[in-house]
2 protein chains.
Amino acid sequence: MKMTIKEIAKLAGVSQATVSKIINNYDDVGMKTKERVLALMDEHGYRPSYAAQSLVKKVTKVIGVIYAGKINANFNHPFFVEVVSTFKKTMGAEGYDLLFFSNEKFHKADENYLQRCQHYNVDGCIIIGGEHVEPSVDDLVQSDIPCIGVDIQLDGPHSGYIMTDNNQVSALAVEHFYLSGQREIAFIGGAESSLISNEREKGFRERAKAYGLQTPDDWIVYGDFFEDSGYKQMNELLKKERTPRAIFAISDLMAIGAMRAIKDQGLDIREFAIIGCDDITAARHVEPPLTTIRQDKDKIGRMAAYILKDLIQGNIERTSLKVEPDLIVRESTGHEIGSV
Amino acid sequence: MKMTIKEIAKLAGVSQATVSKIINNYDDVGMKTKERVLALMDEHGYRPSYAAQSLVKKVTKVIGVIYAGKINANFNHPFFVEVVSTFKKTMGAEGYDLLFFSNEKFHKADENYLQRCQHYNVDGCIIIGGEHVEPSVDDLVQSDIPCIGVDIQLDGPHSGYIMTDNNQVSALAVEHFYLSGQREIAFIGGAESSLISNEREKGFRERAKAYGLQTPDDWIVYGDFFEDSGYKQMNELLKKERTPRAIFAISDLMAIGAMRAIKDQGLDIREFAIIGCDDITAARHVEPPLTTIRQDKDKIGRMAAYILKDLIQGNIERTSLKVEPDLIVRESTGHEIGSV
DNA sequence: CTGAAAGCGCTTACAG
DNA sequence: CTGAAAGCGCTTACAG
């Protein structure tokens, strides 16, 4: 059933070498021979074996996909799934397939990303960054395998990384509050160990200062990006002596949790101004619809693919890119200027 | 840097064959030799080449993932992403990695799932079913490569499939309407070519009949599973001479669209009873929270993995499984009995 | 324009 | 308990 090059060669009455040259588009093969062989390959549905090819060539046309870190970098994470989806499409158009490493056996001490990449001989890989990244990621990044990081800073000899300009994320939120007449803002961050959360907090503080806005220290609290933590932190904020009216939560889920907390306290949600982050589907559907900062998932996925391709082809070496976020204004900040 | 078995053998002062036996856990190797070689492999981070191994062995420990059909079966589809996520975890625990085929080059006439599976020599594959499935899927399913289908009926010699009991999906919805005192129900289906939509419609009609409920023919309409189509179809329903008060939409997004249509018409949403399907995140957050029929994504993904494993090991041949859905009662059907 | 031969990194009877 | 040798399905100088 499954044919080999040898059988095709015999059928065509030529040597293996000739068939191989046709497969690999060498131009020193006679037209008639070529046509005959091509027809035969087509007829028998012949496809050269990946294993044999990759054993002798260096190229595999396979990209490894790694979700690094124990938290927030999962296959079904709503942000990353969009990024990876676009990445997959873009790489797919170039003929690459994606190999997703499972790390369920990772407690086994000898598991190691570099080894696995070498085992499969992938042409390159994409690393999705979560929190508490395994040290073995670094061995991979320092190797000569091209790597592109998303939301993780990679500094290997053939690596790059890409992420949203998180400073700008906060800038947009703070600016929008400022233009809405808010003068005091609370901040609900993610885990304190999170690179993303830290960048956004830094941007938040700087920008608030630049606009002369107040950000009392006890109005800066931390959740874990999920809804319940937003609910809990908002309740804490509402217990303070002075309570905030403007809240920037660095994930939509936390913002939604915060809205729920406000309602559950019997307060009027219309008297609060809330901004989230991500623009998940639910953001449009909560009451009131949530103003949010959207990351350009599409661009991130697409650029990650382009950069990785350039890295693989040796067109570039180290590189990094920040992608601009967008402000999406909805009613949770009380008005509808430029609503999308 | 990247070692071969030959180098390890030389370092250890034994033959390749001996090293190979150690890698493959043959038990006829001396303890001391084994330990020495193992230590060496560890020290040098040696990992046998996938290509070389798979060339000579039949097993690859790689599973192909195929999103078949042009519609509704995407990498980032909210339902399938959960299913595949659990599938990945379960297979991962067994040491399998997942290879996602890209089908961006698919217009190229010679693309063919069977060929690609053979090319990579995958141990088996999972096929996610959408609409308008490519005929080439059938060649794969009829081959001797084990296949497990999700939301697609597969009848190959070594294949199985799994999906929610769609008849039961409708049964739960109809029953809930019946118990809420509704006596006339409208139905918003998906594309008419959709297997899932057809099963649900069939179940809906049968069960409504069994309960003696009215389902006027012009109250049975079709969208495309997305929000806007629900909005549009609901508007059509509201133009009828007699308009429905109870609506079963076979996706949450369409249900949410329908709710929006009702509100936009200036009608009181509280006078309608609406049931969706899927239990997406937004279902909890719309006003009023949406009653829905939840599919057990986790179980589907897990069972798909178990079945595929059994298929690969030859423990079973053809098989199929229906998974029970759950009714999640929220306020869109007017009361809160047994709310989750 | 075509083919013989070596080699890619492994595994597996087989012989000792 | 260990190793020499053939073979898995390809590609690539090289010679003709």
Side-chain angles (χ1 to χ4, degrees), chain A residues 1-38 40-41 44-62 95 114-123, chain B residues 1-38 40-41 44-62 114-123 145:
Chain A
M1 174 78 222
K2 200 169 143 190
M3 302 226 94
T4 68
I5 196 174
K6 197 182 274 178
E7 297 171 288
I8 296 287
K10 187 183 295 174
L11 252 33
V14 298
S15 73
Q16 281 187 44
T18 300
V19 177
S20 177
K21 281 172 191 160
I22 292 168
I23 294 170
N24 293 285
N25 275 314
Y26 280 57
D27 53 7
D28 61 344
V29 178
M31 268 299 267
K32 316 183 64 160
T33 316
K34 188 164 180 174
E35 274 169 15
R36 187 153 36 92
V37 173
L38 246 20
L40 243 15
M41 296 200 305
H44 293 276
Y46 168 73
R47 192 79 180 266
S49 143
Y50 169 79
Q53 279 191 148
S54 108
L55 189 57
V56 52
K57 302 214 256 191
K58 48 282 144 215
V59 175
T60 59
K61 285 286 182 181
V62 168
L114 174 55
Q115 283 183 16
R116 304 187 89 185
C117 284
Q118 289 179 159
H119 172 71
Y120 286 114
N121 197 23
V122 299
D123 286 353
Chain B
M1 174 79 221
K2 199 168 144 189
M3 302 227 94
T4 69
I5 195 172
K6 196 182 274 180
E7 297 170 288
I8 296 287
K10 187 182 295 176
L11 252 32
V14 298
S15 72
Q16 281 187 44
T18 300
V19 177
S20 177
K21 281 172 191 161
I22 291 168
I23 293 171
N24 293 285
N25 274 316
Y26 281 57
D27 52 7
D28 61 344
V29 179
M31 267 301 266
K32 317 182 62 160
T33 316
K34 189 165 182 175
E35 274 168 15
R36 188 153 36 93
V37 173
L38 246 20
L40 244 14
M41 297 201 303
H44 294 274
Y46 168 74
R47 192 79 180 266
S49 141
Y50 170 80
Q53 278 191 149
S54 109
L55 189 58
V56 53
K57 302 215 257 193
K58 48 283 144 214
V59 175
T60 59
K61 285 288 182 178
V62 169
L114 175 55
Q115 282 183 16
R116 304 186 90 185
C117 283
Q118 289 179 160
H119 173 71
Y120 285 114
N121 197 24
V122 299
D123 286 354
I145 297 176

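Atoms considered below: every heavy atom in the structure, side chains included; atoms not considered: hydrogens, waters and symmetry mates.
For Val56(B) and Thr33(B), each mapped to the nucleotide of DNA chain D holding its nearest heavy atom, the one lying further toward the 5' end belongs to Thr33(B). Residue order along DNA chain D, read from the 5' end via each residue's closest nucleotide, puts Met31(B) first among Ile23(A) and Met31(B).
At a non-hydrogen distance threshold of 4.0 Å, Pro48(A), Ser49(A), Ala52(A), Gln53(A), Leu55(A) from residues 48-55 of chain A come into contact with DNA chain D. Looking at residues 4-17 of chain B, you'll see Thr4(B), Ile5(B), Gln16(B), Ala17(B) sit with a heavy atom under 4.0 Å from some atom of DNA chain C.
Between Ile22(A) atom CD1 and dT12(D) atom P the separation is 15 Å, expressed in whole Å. Atom C1' of nucleotide dC1(D) and atom NZ of Lys34(B) are separated by 13 Å, given to the nearest angstrom. Note: CZ (Arg47(A)) to P (dC10(D)) measures 12 Å, nearest angstrom. Spacing between atom CG of Asn25(A) and atom C1' of dT11(D) amounts to 14 Å, rounded to whole angstrom units. Rounded to an integer number of Å, the gap from Tyr26(A) OH to dC10(D) P is 15 Å.
For Ser49(A), there are no side chain to side chain donor-acceptor pair (under 3.5 Å) partners two or more places apart in sequence or in a different chain. The side chain to side chain donor-acceptor pair (under 3.5 Å) search around Lys57(B) returns Asn24(B), not counting sequence neighbours. Under the side chain to side chain donor-acceptor pair (under 3.5 Å) criterion, Ser54(A) pairs with no residue, sequence neighbours left out. Partners of Glu7(A) under the side chain to side chain donor-acceptor pair (under 3.5 Å) rule, at least two apart in sequence or in another chain, are Thr4(A).
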Nucleotide N/O to protein N/O under 3.5 Å, stretch nucleotides 14-16 of chain D:
none

Scan the side chains in residues 30-37 of chain A for donor-acceptor partners under 3.5 Å anywhere in the protein, sequence neighbours excluded, and list what turns up.
from: Arg36(A); atom 1: NH1; to: Ala12(A); atom 2: O; distance (Å): 2.4

Counting Watson-Crick and G-U wobble pairs with both distances under 3.5 Å, what is the dot-bracket string for DNA chain D, 5' to 3', using [ ] for crossing pairs and | for pairs to another strand? |||.||||||||.|||

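Thr60(B) and Asp123(B) are linked by a side-chain donor-acceptor pair at a separation below 3.5 angstrom, with hydrogens and angles left out of the test.
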